[in-house]
There are 2 protein chains.
Amino acid sequence: MQDRITQLFKAIADPTRRDIFHALVIASTALSITQIANQFEISRQGVTKHIKTLEDAGLIKLDNKGRERFCYANAKPLKELNKWMQFYEQFWGDSLDNLDTYLNTNKNA
Amino acid sequence: MQDRITQLFKAIADPTRRDIFHALVIASTALSITQIANQFEISRQGVTKHIKTLEDAGLIKLDNKGRERFCYANAKPLKELNKWMQFYEQFWGDSLDNLDTYLNTNKNA
DNA sequence: TTAATATGCAACTTTTTGGTTGCGTATTGT
DNA sequence: ACAATACGCAACCAAAAAGTTGCATATTAA
């Protein structure tokens, strides 16, 4: 299996999955799979696969009710990606890329 | 072609590319393709492909010198992903997922 | 009770991705 | 001058990902 960061990045790297996730985030109520699928052009089963990927990543949760499965978003795992990125924040400051760093480092060589 | 956010997420979703990017970020000097490839188990040409993907995403830059091509990191595009995530920050607070939101909303219904 | 709905599951196809090998060529070191 | 090095390019390959269709089944509505 892949590591956690890869799993999360891959889950949100797909534009359809980002759309599904977004729809759930801004929805005022949990949505059934069919309700979600109706908003997309791909088949219901195609949507189900994306739902599964998002669920595995922890980005959505499911609530079975009778024959329906209601989905709702869980944005918390995005914190993990945010943390991953935090390390690189020190390198994305204005007019600073690593070329500058190398040049400055070797100035007195 | 894919949209910008997809391009960036896909670029860093691959663990090998994240490793290459990381190696360049922490390197004290720009590295040639061969120098990078020596740190990985895949072939030089395989690394070149990853470099191309990272370059297209703007996450690394290249500097041709004679027969060599030196790479250095450019973390700035990560800001775009950071911005994308900022929207969802309001939803990842402690003990808050969208289920809570739905429940609270319908409390007085 | 019968019809309609919501879904899962499995098999399959297509496209994308990550990787390879082989080869040609420009640049550099001896 | 010649060998070694650093690379690009193209063709190819295998596995993963994205999507499909068909069908079975449970739940709900009429």
Side-chain angles (χ1 to χ4, degrees), chain A residues 1-24 27 29-72 102, chain B residues 1-24 27 29-72 102:
Chain A
M1 231 305 231
Q2 54 200 356
D3 65 282
R4 175 64 177 151
I5 296 296
T6 300
Q7 180 186 36
L8 277 170
F9 271 132
K10 283 198 173 174
I12 57 167
D14 183 90
T16 303
R17 278 195 293 270
R18 279 203 311 282
D19 285 348
I20 291 174
F21 177 69
H22 189 77
L24 289 171
T29 165
L31 301 176
S32 73
I33 303 230
T34 302
Q35 282 173 334
I36 296 168
N38 286 339
Q39 304 186 34
F40 294 86
E41 293 190 334
I42 63 176
S43 68
R44 193 227 345 141
Q45 290 92 329
V47 169
T48 295
K49 282 197 181 184
H50 285 307
I51 300 266
K52 178 73 161 48
T53 304
L54 288 166
E55 190 194 6
D56 288 346
L59 288 164
I60 67 175
K61 302 208 174 165
L62 288 157
D63 192 11
N64 287 25
K65 253 188 188 129
R67 67 183 162 182
E68 289 172 287
R69 303 186 72 203
F70 290 97
C71 310
Y72 56 95
Y102 305 149
Chain B
M1 231 303 231
Q2 54 198 359
D3 65 282
R4 176 65 177 149
I5 296 297
T6 300
Q7 181 185 38
L8 277 170
F9 271 132
K10 283 197 174 174
I12 58 166
D14 183 89
T16 304
R17 278 194 293 271
R18 279 204 309 281
D19 285 349
I20 291 173
F21 177 69
H22 189 79
L24 288 171
T29 166
L31 302 175
S32 74
I33 303 229
T34 302
Q35 283 172 333
I36 296 167
N38 286 340
Q39 305 186 35
F40 294 86
E41 293 190 334
I42 63 175
S43 68
R44 179 198 32 103
Q45 291 92 328
V47 169
T48 295
K49 282 198 180 185
H50 286 307
I51 299 266
K52 178 72 162 47
T53 303
L54 288 166
E55 190 195 7
D56 288 346
L59 288 164
I60 67 174
K61 300 207 175 169
L62 289 157
D63 192 10
N64 287 27
K65 252 184 189 137
R67 66 182 163 185
E68 288 173 288
R69 305 186 75 201
F70 290 97
C71 310
Y72 56 95
Y102 305 149

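First the proteins, then the strands, lettered A, B, ... as listed; each starts at 1. In this text the structure is predicted, and so the values were computed from the model without any measurement.
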*Show the numbers, then the answer: is there a side chain to side chain contact (heavy atoms under 4.5 Å, CB included) between A/Leu8 and A/Ile12?*
CA-CA 6 Å; A/Leu8 277 170; A/Ile12 57 167; 6.0 Å; no
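- Closest to the side chain of A/Ile33, from the set C/dA6, C/dG8, C/dG29, is C/dG8.
- Residues A/Leu62 and A/Ile51 have side chains in contact (heavy-atom distance under 4.5 Å, counting atoms from C-beta outward).
- At whole-Å resolution of the value, CG in B/Asp19 and P in C/dG19 are 11 Å apart.
- Of the two residues near DNA chain C, A/Gln35 and B/Arg17, the one whose nearest nucleotide lies more 5' is A/Gln35.
- With sequence neighbours left out, the side-chain contact (heavy atoms from CB on, under 4.5 Å) criterion links B/Gln45 to B/Ser43.
- In this structure, the CZ atom of B/Phe70 is 15 Å from the P atom of C/dT27, given to the nearest Å.
- Following rounding to the nearest Å, B/Gln2 (CD) and C/dT15 (P) show an atom-to-atom distance of 17 Å.
- Looking at residues two or more places apart in sequence or on another chain, you find a salt bridge (Lys or Arg N to Asp or Glu O under 4.0 Å) between A/Arg4 and A/Glu80.
- Counting any heavy atom pair closer than 4.0 Å across all strands shown, A/Thr53 reaches no nucleic acid atom.
- Between chain B and DNA chain D, the heavy-atom contact criterion of under 4.0 Å yields a 5' to 3' nucleotide range of D/dA4 to D/dC9.
- C/dT7 atom C1' lies 13 Å from atom CD1 of A/Ile36, rounded to whole Å.
- With sequence neighbours excluded, the residues forming a salt bridge (Lys or Arg N to Asp or Glu O under 4.0 Å) with A/Asp56 are A/Lys52, listed by chain and number.
- With sequence neighbours excluded, no residue forms a salt bridge (Lys or Arg N to Asp or Glu O under 4.0 Å) with B/Arg17.
- Here C/dT16 presents its P atom at 17 Å from CG of B/Asp14, a figure rounded to the nearest Å.
- A heavy-atom distance below 4.5 Å is not found between the side chains of B/Phe70 and B/Thr29.
- A/Thr6 is linked by a side-chain contact (heavy atoms from CB on, under 4.5 Å) to A/Gln2, A/Asp3, A/Lys10, B/Pro15, B/Arg18, counting only residues two or more places apart in sequence or in another chain.
- For residues 40-49 of chain A, no pair satisfies salt bridge (Lys or Arg N to Asp or Glu O under 4.0 Å), with sequence neighbours left out.
- At a cut-off of 3.5 angstrom, the base of C/dT7 holds no donor-acceptor pair with the side chain of A/Arg69.
- Taking a 4.0 Å limit (strictly below) on heavy-atom distances, residues 39-52 of chain A reaches DNA chain D at A/Ile42, A/Ser43, A/Gln45, A/Gly46, A/Lys49, A/His50.
- Atom CD of B/Gln7 and atom P of C/dT16 are 15 Å apart (whole Å).
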